[in-house]
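Take a look at the structure below.
Note: hydrogens, waters and symmetry copies are ignored here, and every other heavy atom, side chains too, is used. By convention here, the first residue in the shown sequence is residue 1.
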Amino acid sequence: MGFNGFTGAYCDAVRGEKVHKRSLDRLAPCLFTSFEDDEANWKVNMKSLLLLQLWLSAAAALVSDDPTDTEVTTTTGDIALLPCYTVGNVTPTLTVWLKNGREFARSGGGSSPDPSDPEQHTTVLNDGSLNIHGVTPGDEGRYLCNATLPGSSTLQTRVLLRVTSGPENLSTSIGPGTALTNGTFIVYRGSTIFFNCTSSSYPSQQLTWAFSGASTSNESLVSSSESLLDFRIQDIQPSAQGVYSCRAQNTVSHRAVNKSTELLVYYVPDRHPVCMWEPASDPTHFQFICTWFGAYPTPTLSWDDRGSGGEGQNYATGLTDSLAVTLNRSRLSDGQTLRCTAQHQALPSGKNGSCSFILKPPYPEGEPMVTVQEGTSITLTCTETMSIPPANTTWRRGLLQVAIVPGPKYILSLEGPDLKLTIQNTSKDDEGIYFCRSENPLAVRELEVILTVTNSAAYTGAIIGTFIAALIMGLSVVIAKLIFSNRHQICLGCDVGQEEDNREDVLSLVESDDEHIFQDAVPRLPPLANGSHTTLVQIHQVPSSDHDDAETADTSTEQQEDTVQTEESADLVTF
């Protein structure tokens, strides 16, 4: 059969098919082939060509009512089933699948192939559907199903297969910080934290960072359609503690994957631990308490001591924010350092928070003797500032040290370190010994105060007697001092401003019984006109020093001889 004969048979078969868009495409070559067979009749067939054009337009209008492409989306490695529509339950006699214009699979009908056969990547089922096993990205494309039904009618179905992949290789990173073995990530308050998320997905994806905390649930923080998404938190605070999740979703298959990380924010308070103490139920024991609230997670506290020799002993250690230790008084000493140490991951390397005591015994101070007038009030004051830890100070009375109970008679008040006891309307019954008792973990010290109560008469007599005694004593001291300073001589006619080396005239005095001794030695002068008597007085020069006294004694004989010569120039003294 020649070319023209083959073409004629083909065209006859095409013309016998049901009018379809594909049939029209196959009919066009037949039309032009008929023109080539009878070139002489070309002009005659022009009218037929015009009629054919009108017929093709009408057929195209009929074909436009066919369904559009069916879209099938699958993921790499899955099974894709591409439908080939048939009329009712009729099995096509011939099914041909084309992919992107080329034949991809064919089935002549009959028994259904086994779709589970691993060697068969594609299989045409009895109803004409195309089954693809283990879909790969290369299977994506546009498929056309040509199904020939009994009676030589043909149906066509177009299917768009989209093969997606991912999201895959999703990874996240948070830093700087410390990752624990369970995946939890630790950061520290005030630092800047960076969050990074990457993923691959085909044909496209959406990346989103979300946060779930104590007060929020799955809150979206930032989102992007790129393959990389990052953000940061500056000066992170405890409120940012929670679970951070990166979600990657394929925008075509809507397949999504998540990766979450729990983030813990560690922090410590700005202050040091606080050391306190309180008496235990047993008076010989004392309880020391160390607290450090506001740290996350819980810190480790420990009590130890440091003696003067540098040796230390650990008393207690615990994972807590409040640690108490009870010690016997026998284990404590003056000058001992009792210390509480706090350890925490948020503290700088090699540094710990701590508080300490340098133990000192109490030392109460006050007036040991107090006197009060009967019927008045008196306040006894006791001050204790030396003890570490601070001592417990109380007032007691009598040798039995009975504790004083506040009431109308006794008023207790505390003003800073001063513990005051006020006794109202004092009487003789209030007289006696009072004790100011101070006690801390090291020792018990007492201040003894003796209170004396006097009546008003005795009190006044005591004041007058004291004043007179003081006056007499003061006068005695003054007189004694004057006599002592002038025990040998009385200065006569001393001129103010006279030089120290000048001599002074001295009048020698004697007892009346010895007056006759001088009567012979001292010549008397004749009476004056007024009847008074005059006596010639011998004038001696007082030596200026002890050395001069010695020289004067040696020269007494010479002075007696000079007396006669100087009598005429001697001064006269009238009595």
Side-chain angles (χ1 to χ4, degrees), residues 272-291 303-313 315-316 322-341 354-372 378-407 409-423 430-452:
H272 285 281
V274 177
C275 292
M276 301 176 293
W277 77 281
E278 62 183 20
S281 56
D282 185 352
T284 62
H285 291 72
F286 293 86
Q287 188 177 56
F288 294 89
I289 304 171
C290 177
T291 59
W303 275 108
D304 56 30
D305 67 3
R306 290 292 181 270
S308 58
E311 299 179 356
Q313 178 181 0
Y315 295 117
S322 179
L323 181 64
V325 60
T326 302
L327 300 178
N328 190 300
R329 180 177 293 171
S330 62
R331 304 177 66 180
L332 305 175
S333 60
D334 185 8
Q336 179 182 5
T337 300
L338 196 61
R339 181 182 62 179
C340 173
T341 303
S354 64
C355 60
S356 61
F357 290 116
I358 299 179
L359 303 182
K360 293 182 180 180
Y363 188 78
E365 296 178 299
E367 293 292 334
M369 300 184 66
V370 178
T371 301
V372 62
I378 185 66
T379 299
L380 308 181
T381 302
C382 179
T383 304
E384 205 293 305
T385 58
M386 299 295 295
S387 61
I388 300 178
N392 181 28
T393 303
T394 59
W395 276 104
R396 305 192 178 203
R397 181 185 179 187
L399 297 178
L400 298 179
Q401 295 194 10
V402 179
I404 294 179
V405 179
K409 183 67 175 178
Y410 301 106
I411 299 176
L412 293 174
S413 61
L414 183 63
E415 298 180 5
D418 299 335
L419 179 61
K420 296 184 177 183
L421 170 63
T422 301
I423 305 175
D430 298 321
E431 197 171 57
I433 301 176
Y434 291 81
F435 293 93
C436 176
R437 186 177 186 273
S438 295
E439 180 178 8
N440 81 337
L442 293 181
V444 177
R445 299 284 176 83
E446 297 173 342
L447 169 66
E448 183 177 322
V449 179
I450 300 176
L451 176 62
T452 302

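For Cys355 against Pro273, the heavy-atom pair with the smallest separation is CB-O, 3.3 Å. In terms of heavy atoms, Asn440 sits closest to Ser387 at ND2-CB, 3.7 Å.
Ring geometry for Phe357 against Trp303 counts as parallel: the plane angle stays under 30°, on a 0 to 90° scale with 60° as the upper cut.
Side-chain contact of Ser322 with Thr291: a donor-acceptor pair under 3.5 Å is absent, judged by distance alone.
Under the 2.5 Å cut-off for SG-SG separation, Cys340 and Cys275 do not qualify: their sulfur atoms lie farther apart than that. Sulfur-to-sulfur, Cys436 and Cys382 sit under 2.5 Å apart at their SG atoms.
With hydrogens and angles disregarded, a donor-acceptor distance shorter than 3.5 Å links the side chain of Glu384 to the backbone of Met386. Listed for the Trp395 side chain is a donor-acceptor partner under 3.5 Å among the backbone atoms of Leu419. With Asp305 contributing its side chain and Gln313 its backbone, the two residues share a donor-acceptor pair below 3.5 Å.
Residue Thr385 holds its OG1 atom at 10.5 Å from OH of Tyr363, rounded to the nearest 0.5 Å. We find the CZ-CD distance between Phe286 and Glu278 to be 11.5 Å, quoted to the nearest 0.5 Å. Distance OG/Ser438 to CZ/Arg445: 10.0 Å, rounded to 0.5 Å. Taking CG from Leu332 and CG from Leu338, the interatomic distance works out to 7.0 Å, rounded to the nearest 0.5 Å.
Heavy-atom contacts from other residues, nucleotides or ligands closer than 6.0 Å to CD1 of Ile358 number 12 or fewer.
Within the 4.5 Å cutoff, side-chain heavy atoms of Phe435 are placed close to those of Glu448. Taking 4.5 Å as the limit, every side-chain heavy atom of Val370 sits out of range of all side-chain heavy atoms of Tyr434. Contact annotation: the side chain of Val325 approaches that of Leu327 to within less than 4.5 Å [non-hydrogen atoms, C-beta and beyond]. With contacts defined as side-chain heavy-atom distances shorter than 4.5 Å, the pair Thr452/Met369 does not qualify. Leu359 has its side chain within reach of Pro389: a pair of non-hydrogen atoms, C-beta onward, lies under 4.5 Å apart.
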What's the verdict on side chain to side chain contact (heavy atoms under 4.5 Å, CB included) for Lys360 and Asp334, showing C-alpha distance, side-chain angles and the deciding distance?
-> CA-CA 5 Å; Lys360 293 182 180 180; Asp334 185 8; 4.3 Å; yes
Hey, mind stepping through Lys409 and Ile423 against side chain to side chain contact (heavy atoms under 4.5 Å, CB included) and telling me if it holds?
-> CA-CA 6 Å; Lys409 183 67 175 178; Ile423 305 175; 4.0 Å; yes
Before giving the answer on side-chain hydrogen bond (donor to acceptor under 3.5 Å, both in side chains), spell out for Tyr410 and Arg397 the whole-Å C-alpha distance, their side-chain angles and the decisive distance to 0.1 Å.
-> CA-CA 11 Å; Tyr410 301 106; Arg397 181 185 179 187; 2.9 Å; yes
Could you please spell out the steps behind the side chain to side chain contact (heavy atoms under 4.5 Å, CB included) verdict for Arg396 and Glu446?
-> CA-CA 10 Å; Arg396 305 192 178 203; Glu446 297 173 342; over 6 Å; no
Just do the side chain to side chain contact (heavy atoms under 4.5 Å, CB included) check on Glu431 and Leu451 with the steps written out, would you?
-> CA-CA 5 Å; Glu431 197 171 57; Leu451 176 62; 5.6 Å; no
Taking it one step at a time, do Ser354 and Thr341 satisfy side-chain hydrogen bond (donor to acceptor under 3.5 Å, both in side chains)?
-> CA-CA 4 Å; Ser354 64; Thr341 303; 5.4 Å; no
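Of the candidates Leu380, Thr381, Ile433, Leu421, Leu380 is the only one forming a side-chain contact (heavy atoms from CB on, under 4.5 Å) with Val449.
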